[in-house]
Trainee: 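The structure that follows is given in the form of structure tokens.
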There are 2 protein chains.
Amino acid sequence: MDKKDKIIEAALKLFVENGFHGTATSKIAQEAGVANGTLFQYFKTKDELVMALYVSVKENMAEYIEKNTAKSDNVKEVMKSQFLSSLFWALDNVVKFKFIQQFHTSPYIGKVEQDVIQNQVMPHLSLIQNGIDKGLIKNLPVDFVFSLISSQTFGVYQYLTSKPFTKVQQHDTIEQTFDLLWDMIT
Amino acid sequence: MDKKDKIIEAALKLFVENGFHGTATSKIAQEAGVANGTLFQYFKTKDELVMALYVSVKENMAEYIEKNTAKSDNVKEVMKSQFLSSLFWALDNVVKFKFIQQFHTSPYIGKVEQDVIQNQVMPHLSLIQNGIDKGLIKNLPVDFVFSLISSQTFGVYQYLTSKPFTKVQQHDTIEQTFDLLWDMIT
DNA sequence: TACCTTTGCGACTGATTAGTCAATTATAAA
DNA sequence: TTTATAATTGACTAATCAGTCGCAAAGGTA
């Protein structure tokens, strides 16, 4: 594993543990096992490191979901597979998911370019629009429906990480939530 | 307005603008128009200030919701009034609400004592349990239902602050969301 | 007036910060 | 082996940080 990845990994761990503040670049370098100066060879500033970390984590998540999305034109099936895989990824990558949450509610989020966000959300909005056009999903604003689904995902995650559950319980709860969600929007 | 309130107000503004990191105590004192040392007369440490700010904002929100909660034994009515007033408060106090979100996803949340959180959540859990006992709400784990409602609140907030809406549109969307939510859990 | 207490002040400090840079080491090509 | 290039180092710096402290002002009481 090369130094850049080691730095990213160390930063992720420390940011979630101590916040963006409270994490000195020197501590990141130390945790990564590289010299202070090496960090700045890969990332010009601390902010650049934070942004790069966000992009890296988001790509990682998107890749997983993409791979596990049902290849079908059945809207419900596609949506369910996305809902499930989002949650599976989150539960398997708690630290990364915490970082995303932390980043989203921090002032850094304002520095992410609008079209990058747009590109990530677009496929989901299209899928919802598709469902509405087919008369499956209620005729509500697409991004309103998207907000509901996103927050629902977040809600189940919160619940499932608040107590110790078995894999089976987690799976069942996720399936059950999707059914509730689907009933709500159709 | 006394110095303590001015400090809290300044801290709130700067924390949301620049994060907990990136906000120096000296900057807070400056923004509040008090001397550096005065800040430490009211709050022994920066952490104590952050915690006090959280408690203050939470109390402010709880007070508002309490005042606007329907005095009735009709579960739906009570729940609806709480859902609405939560969102009205959030939309009227965007900065404070952002601070709460930032705090909740930061490592600071771990420093809030468990029984304080418990006390805040308890009344809501009782209400849900009440609804389940009466056979109104589906027989699901209480805190699961609570998670769903909380995240739904958050979702509508996200949607309503992402675009410019009129007061009427906001009100309608909130009412509509509650109906969807109620259908989902009953 | 005199006396006491509370409140506020801001210059100060030791520690820590993000970021630099000249020197060193590894890599690879000739 | 020699030479050129790239990667890595850690001591260093100027700036900034949270927090301190001795002193002054304000306010209350008699």
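These figures come from a predicted structure and were not determined experimentally. Naming: A, B, ... by sequence-line order, numbering from 1 per chain.
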Trainee: Would one find a side-chain N or O of B/K6 under 4.0 angstrom from OP1 or OP2 of C/dG8?
Mentor: no
Trainee: What residues, two or more places apart in sequence or in another chain, satisfy side chain to side chain donor-acceptor pair (under 3.5 Å) together with B/W182?
Mentor: none
Trainee: Who are the ring-ring contact (aromatic ring centres under 6.0 Å, His included) partners of B/Y54, not counting sequence neighbours?
Mentor: B/F103, B/H104
Trainee: Would you say the side chain of A/Q30 lies within less than 4.5 Å of the side chain of A/N36, judging by non-hydrogen atoms?
Mentor: no
Trainee: B/N36 has an atom CG; how far is it from atom P of D/dG22, in whole Å?
Mentor: 17 Å
Trainee: Does B/K44 have any side chain to side chain donor-acceptor pair (under 3.5 Å) partners at least two apart in sequence or in another chain, and if so, which?
Mentor: none
Trainee: Rounded to the Å, how far apart are A/D2 CG and C/dA26 P?
Mentor: 18 Å
Trainee: Looking at DNA chain C, which of residues 40-51 of chain B put a heavy atom within less than 4.0 Å of it?
Mentor: B/Q41, B/Y42
Trainee: Check side-chain contact (heavy atoms from CB on, under 4.5 Å) between B/H171 and all other residues, then give those that pass, not counting sequence neighbours.
Mentor: B/F88, B/E175
Trainee: Quickly work out the A/Q30 CD to C/dG19 P distance and round it to whole Å.
Mentor: 18 Å
Trainee: Please list all pairs meeting side-chain hydrogen bond (donor to acceptor under 3.5 Å, both in side chains) that have one or both residues in residues 126-151 of chain A, counting only residues at least two apart or in different chains.
Mentor: A/Q129-A/D133, A/D143-B/K163
Trainee: So, do B/Y159 and B/F165 have ring centers that fall under 6.0 Å from each other?
Mentor: yes
Trainee: What integer distance in Å separates A/L39:CG from C/dC21:C1'?
Mentor: 16 Å
Trainee: Kindly state which residues belonging to residues 17-27 of chain A come within less than 4.0 angstrom of DNA chain D, counting heavy atoms of the residue only, listed by number.
Mentor: none
Trainee: Expressed in angstrom and rounded to an integer, what is the separation of B/L14 atom CG from D/dC17 atom C1'?
Mentor: 15 Å
Trainee: Run the side chain to side chain donor-acceptor pair (under 3.5 Å) test against B/Y64 and tell me which residues pass, sequence neighbours left out.
Mentor: none
Trainee: Would you mind reading off the distance between A/K3 atom NZ and C/dA26 atom P, rounded to a whole angstrom?
Mentor: 11 Å
Trainee: Could you state the atom-to-atom distance from CD1 of A/I28 to C1' of C/dT16 in whole Å?
Mentor: 14 Å
Trainee: For residues 100-118 of chain B, which residue pairs qualify under salt bridge (Lys or Arg N to Asp or Glu O under 4.0 Å), counting only residues two or more places apart or in two chains?
Mentor: B/D47-B/K111
